[in-house]
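Below, all heavy atoms of this structure are taken into account, side chains as well, without hydrogens, waters or symmetry copies. Naming convention: chains lettered A, B, ... in sequence-line order (proteins, then strands); numbering from 1 in each chain. The structure displayed is predicted, hence computed values, not measured ones.
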Protein chains: 2
Amino acid sequence: MSDYEKVCLIRGDGGSAIRGILDRIGDKWSLLVIATLDGGRMRFGDLKQHVPGISQRMLTLTLRHLERDGLVSRTSYPEVPPRVEYELTGMGRTLVGPAVSLAEWAIRHNPIIDEKRRAYDARQS
Amino acid sequence: MSDYEKVCLIRGDGGSAIRGILDRIGDKWSLLVIATLDGGRMRFGDLKQHVPGISQRMLTLTLRHLERDGLVSRTSYPEVPPRVEYELTGMGRTLVGPAVSLAEWAIRHNPIIDEKRRAYDARQS
DNA sequence: CGGTATCCAGGTCGATACTG
DNA sequence: CAGTATCGACCTGGATACCG
């Protein structure tokens, strides 16, 4: 694939391709929840424990969105007290690869970016 | 690399790794501007034309952020009328690869997701 | 031409309280 | 246990007007 075609992939028609995916997983918690669920099926409460800082509300919302998009499946057991388990769907698991490549980029370049940022801010002040 | 290590990569310490990169390029325009600049060095006005729908304000802001992080370089020529050119830095270009892999995922799965979404919404109503 | 300044509408997210 | 409901602070981004 040529570089030009790559760029077109990202830009799509008016950028809708990349917008679609970022609207889906570019929020504060989605990718974190997906990464956590990559460890295997998990209950609501466990998930809440393993995603530090997430509120109950945001975990619920995030899971609903991911479920709606078919990235996560929800299974509730009619027991008392209730038990609900979540796991990645097949499609959900295929997202982990690309997400990891972005995370790797982030980890590799974080120190340089921080340095650049400090240098930039120093120039401004 | 094991699956477990992959997940740790994304989750990092409390998810800071993935948060860092998403805060940087997860906004509405950054990745679009980067993809456009991947075509080569470009003037402010041309950039505005090639990123459909972006406002002057958001283009300026986005470019400032990318410049601050060392992903884009800015060159202004002391002429009248002024001319300012932007281009990806070396580090900026390395981001295109991972971004493309995410875009490819998005393009491949968009139809399925849309379908899942419609099915989910139909069940709710 | 390439910005900056200002205002504001809408959305996101956290805290808190309550429920089956 | 696994949610739902409500409120409010904050932030993003669009429109508009003006500037060197």
Side-chain angles (χ1 to χ4, degrees), chain A residues 14-16 18-33 36-37 41-69 72-87 120 123-125, chain B residues 14-16 18-34 36-37 41-69 72-87 120 123-124:
Chain A
S16 72
I18 203 65
R19 277 258 50 79
I21 179 63
L22 285 182
D23 287 347
R24 218 155 263 138
I25 54 116
D27 62 17
K28 197 165 177 184
W29 301 107
S30 291
L31 223 38
L32 240 50
V33 169
T36 305
L37 279 178
R41 135 189 309 238
M42 215 174 279
R43 296 184 58 162
F44 185 89
D46 296 337
L47 212 38
K48 185 153 153 43
Q49 296 234 319
H50 283 80
V51 181
I54 197 169
S55 66
Q56 198 167 35
R57 172 184 138 89
M58 286 318 295
L59 181 54
T60 302
L61 280 179
T62 304
L63 286 169
R64 290 291 174 277
H65 291 146
L66 294 176
E67 190 195 357
R68 182 163 105 106
D69 290 342
V72 158
S73 69
R74 190 190 111 113
T75 317
S76 87
Y77 300 87
E79 308 167 355
V80 183
R83 176 167 57 104
V84 181
E85 291 185 345
Y86 294 90
E87 68 178 328
Y120 183 93
R123 272 198 303 280
Q124 303 307 312
S125 61
Chain B
S16 73
I18 204 65
R19 277 258 51 78
I21 178 64
L22 285 182
D23 287 346
R24 217 156 261 137
I25 54 120
D27 62 16
K28 197 164 177 183
W29 300 108
S30 290
L31 224 38
L32 240 49
V33 168
I34 289 174
T36 305
L37 279 178
R41 133 189 311 238
M42 216 175 279
R43 296 185 59 165
F44 185 90
D46 297 336
L47 212 38
K48 187 155 152 41
Q49 296 234 319
H50 282 80
V51 182
I54 196 170
S55 67
Q56 197 166 36
R57 172 183 136 90
M58 287 317 295
L59 181 54
T60 303
L61 279 180
T62 303
L63 286 169
R64 288 292 174 279
H65 291 147
L66 295 176
E67 191 196 357
R68 183 163 105 106
D69 290 342
V72 157
S73 69
R74 189 189 112 114
T75 318
S76 86
Y77 300 87
E79 307 167 356
V80 183
R83 177 165 58 102
V84 180
E85 291 185 344
Y86 293 90
E87 69 178 328
Y120 183 93
R123 272 197 303 281
Q124 303 308 311

Q: Starting from P on D:dC1, measure out to CZ on A:R74 and report it in whole angstrom.
A: 16 Å
Q | Sequence-aligned protein contact record of nucleotides 13-20 of chain D, with B where the base is within under 4.0 Å of a protein heavy atom and S where only the sugar-phosphate is | A | BBB----B
(Q) Looking at A:R74 and A:E67, would you say the former's side chain and the latter's main chain have a donor-acceptor pair under 3.5 Å? (A) no
Q | Rounded distance in Å - CG (B:L59) to P (D:dT12) | A | 17 Å
Q) For B:L63 and C:dC1, what is the distance between atoms CG and C1' respectively, to the nearest whole Å? A) 14 Å
(Q) Measuring only between side-chain heavy atoms, which start at C-beta, is B:K48 closer than 4.5 Å to B:Q56? (A) yes
Q | Whole angstrom value for the distance that separates C1' of C:dG14 from NZ of A:K48 | A | 11 Å
Q) Quick one: A:F44 CZ to D:dA2 P, roughly how many Å, whole number? A) 7 Å
Q: May I have the step-by-step check of salt bridge (Lys or Arg N to Asp or Glu O under 4.0 Å) for B:R41 and B:E85, ending in yes or no?
A: CA-CA 7 Å; B:R41 133 189 311 238; B:E85 291 185 344; 2.5 Å; yes
**Q.** Gap between atoms OH and C1', on A:Y77 and D:dG3 respectively (whole Å)
**A.** 18 Å
Q | 5'-most by nearest nucleotide on DNA chain D - A:T60 or A:P81 | A | A:P81
Q. Out of curiosity, A:L32 CG to B:L22 CG, how far, rounded to the nearest 0.5 Å?
A. 9.0 Å
Q | Expected output: side-chain A:R83 to main-chain A:S76 donor-acceptor under 3.5 Å | A | no
Q.
Could you tell me how far apart A:E85 (CD) and D:dC1 (P) are, to the nearest whole angstrom?
A. 14 Å
Q) So A:Y86 and A:M42, side chain to side chain contact (heavy atoms under 4.5 Å, CB included) or not? Walk me through it. A) CA-CA 5 Å; A:Y86 294 90; A:M42 215 174 279; 5.8 Å; no
(Q) On the nucleotide C:dG3, are OP1 or OP2 found under 4.0 Å from the side-chain N or O atoms that B:R43 carries? (A) no
Q: Check the distance between D:dT12's P and B:R24's CZ and give it to me in whole angstrom.
A: 15 Å
